Amino acid sequence: MSESRPPPSRVSFAAVTPNNLGTVRKLNSVLFPIKYSEKFYNDITQPDVEDFCQLNGSGSVEVYYNDIPVGTMCCRVEVKDGQAKLYLMTLAVLAPYRSRGIGSQSLKHLIDTAAAHVKPKIDAIYLHVQVSNGDAKRFYQRHGFKEVGLYENYYKKITPHDAWILQCDIEPAAAAASEGK
């Protein structure tokens, strides 16, 4: 009797729209210890808002595993002193789906998208990680992020209040391709 293998898993991404915003709200309520404002949800569904990175047409995406929504990712472009950085506001995967490479594939998708972004050219991706979340810090460090600072009292409604600031410098896609990366 031959062993049958399950079909390979599939990670996919879908832009957040008013039609799937309820799913994103539910995922965020389970994934994060804070409640996001109405402004946050209004902003992430605006496809024409330039402050948000254009991942599949929006600054926020739902992450699917075999067509099941299992996570979210949200970011925005911030330009300061002529340098554009991508601020990763949220990236999370439901606990039962962790350790399957879904977060890694999501982060790779984001880094690849940032590297290919032309107007503006993205120089780095940065994010905040609560100082009690060593697992998240190690996850990002495995993907090239480095601790660049500590933001004291970043979180107002949860403890501990402090957050590490992690950053990954982005190499433009053309330069990476020409170097054989």
Side-chain angles (χ1 to χ4, degrees), residues 11-17 20-21 24 27-28 31-32 34 36-37 39-65 69-93 101-131 133 135-151 154-155 162-181:
V11 175
S12 59
F13 307 96
V16 173
T17 67
N20 61 9
L21 187 58
V24 172
L27 285 166
N28 282 351
L31 291 166
F32 300 106
I34 60 172
Y36 287 95
S37 68
K39 180 180 180 338
F40 175 85
Y41 290 109
N42 288 335
D43 287 348
I44 67 172
T45 58
Q46 300 301 314
D48 57 349
V49 177
E50 288 184 357
D51 285 347
F52 288 87
C53 65
Q54 297 301 306
L55 293 170
N56 298 323
S58 176
S60 187
V61 295
E62 270 188 291
V63 180
Y64 290 84
Y65 180 73
V70 298
T72 64
M73 179 169 53
C74 187
C75 57
R76 69 173 176 248
V77 175
E78 298 177 347
V79 180
K80 184 179 178 184
D81 300 327
Q83 186 180 34
K85 290 185 178 183
L86 191 61
Y87 175 48
L88 180 55
M89 296 183 285
T90 66
L91 169 59
V93 174
I102 298 167
S104 293
Q105 287 181 51
S106 300
L107 192 55
K108 182 184 181 326
H109 176 70
L110 180 68
I111 292 169
D112 290 349
T113 300
H117 204 272
V118 179
K119 291 185 180 180
K121 178 184 146 311
I122 305 297
D123 297 304
I125 299 173
Y126 81 100
L127 57 105
H128 297 95
V129 173
Q130 191 175 22
V131 294
N133 194 346
D135 288 343
K137 183 180 184 186
R138 285 185 291 279
F139 168 80
Y140 288 109
Q141 288 174 325
R142 281 194 312 271
H143 292 87
F145 285 76
K146 294 179 176 48
E147 183 181 339
V148 296
L150 178 71
Y151 193 128
Y154 177 74
Y155 298 103
D162 299 343
W164 291 301
I165 304 166
L166 304 179
Q167 181 171 300
C168 176
D169 293 331
I170 298 298
E171 189 174 323
S178 69
E179 293 176 16
K181 290 185 178 178

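In this text, all values refer to a predicted model and were calculated from it rather than measured experimentally.
The backbone N or O of Pro120 sits less than 3.5 Å from a side-chain atom of His117, completing a donor-acceptor pair. Asp123 places no side-chain N or O within donor-acceptor distance of the main-chain N or O of Lys85, the cut-off being under 3.5 Å.
Residues Phe13 and Val63 have side chains in contact (heavy-atom distance under 4.5 Å, counting atoms from C-beta outward). Contact check for Ile170 versus Leu86: no side-chain heavy atoms found under the 4.5 Å cut-off. The shortest side-chain heavy-atom distance between Val131 and Leu150 falls under the 4.5 Å cut-off. Side chains of Val16 and Tyr41 form no contact here, defined as non-hydrogen atoms less than 4.5 Å apart.
Annotation for Leu91 and Gly103: closest pair CD2-O, 4.4 Å, computed over non-hydrogen atoms. Taking all atoms of both residues into account, the shortest heavy-atom contact from Thr17 to Asn20 is N-OD1, 2.7 Å. Here the shortest heavy-atom pairing between Asp169 and Ala124 reads OD1-CB, 3.8 Å. Looking at every heavy atom in both residues, Tyr87 comes nearest to Leu127 through CE1-CA, 3.9 Å. For the residue pair Leu88 and Cys75, the shortest heavy atom distance occurs at CA-CB, 4.1 Å. Shortest non-hydrogen contact noted between Trp164 and Gln130 is CZ3-O, 3.6 Å.
Every residue was checked against the side chain to side chain donor-acceptor pair (under 3.5 Å) condition with Lys80, not counting sequence neighbours, and none meets it. Applying the side chain to side chain contact (heavy atoms under 4.5 Å, CB included) rule to Tyr151 yields the partners His128, Tyr154, Ile165; only residues at least two apart in sequence or on another chain are considered. In this view, Lys146 satisfies the side chain to side chain donor-acceptor pair (under 3.5 Å) rule with no residue, not counting sequence neighbours. The ring-ring contact (aromatic ring centres under 6.0 Å, His included) check on Tyr36 picks up Phe32, Phe40, with sequence neighbours excluded. Here Tyr64 pairs with Glu62 under the side chain to side chain donor-acceptor pair (under 3.5 Å) rule; sequence neighbours left out.
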Below 3.5 Å, can you tabulate the donor-acceptor pairs from side chains in residues 136-145 to any protein atom, sequence neighbours excluded?
from   : atom 1 : to     : atom 2 : distance (Å)
Lys137 : NZ     : Glu147 : OE1    : 2.6
Arg138 : NH1    : Gly134 : O      : 3.4
Arg138 : NH2    : Asp135 : OD1    : 2.6
His143 : ND1    : Phe139 : O      : 2.7
His143 : NE2    : Ser104 : OG     : 3.0

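The SG atom of Cys74 sits 8.0 Å away from the CG atom of Asn28 when rounded to the nearest 0.5 Å. In this structure, the separation between CD1 on Ile44 and CE on Met89 is 7.5 Å, given to the nearest 0.5 Å. With rounding to the nearest 0.5 Å, the separation of CD in Gln83 from CD1 in Ile122 is 10.0 Å.
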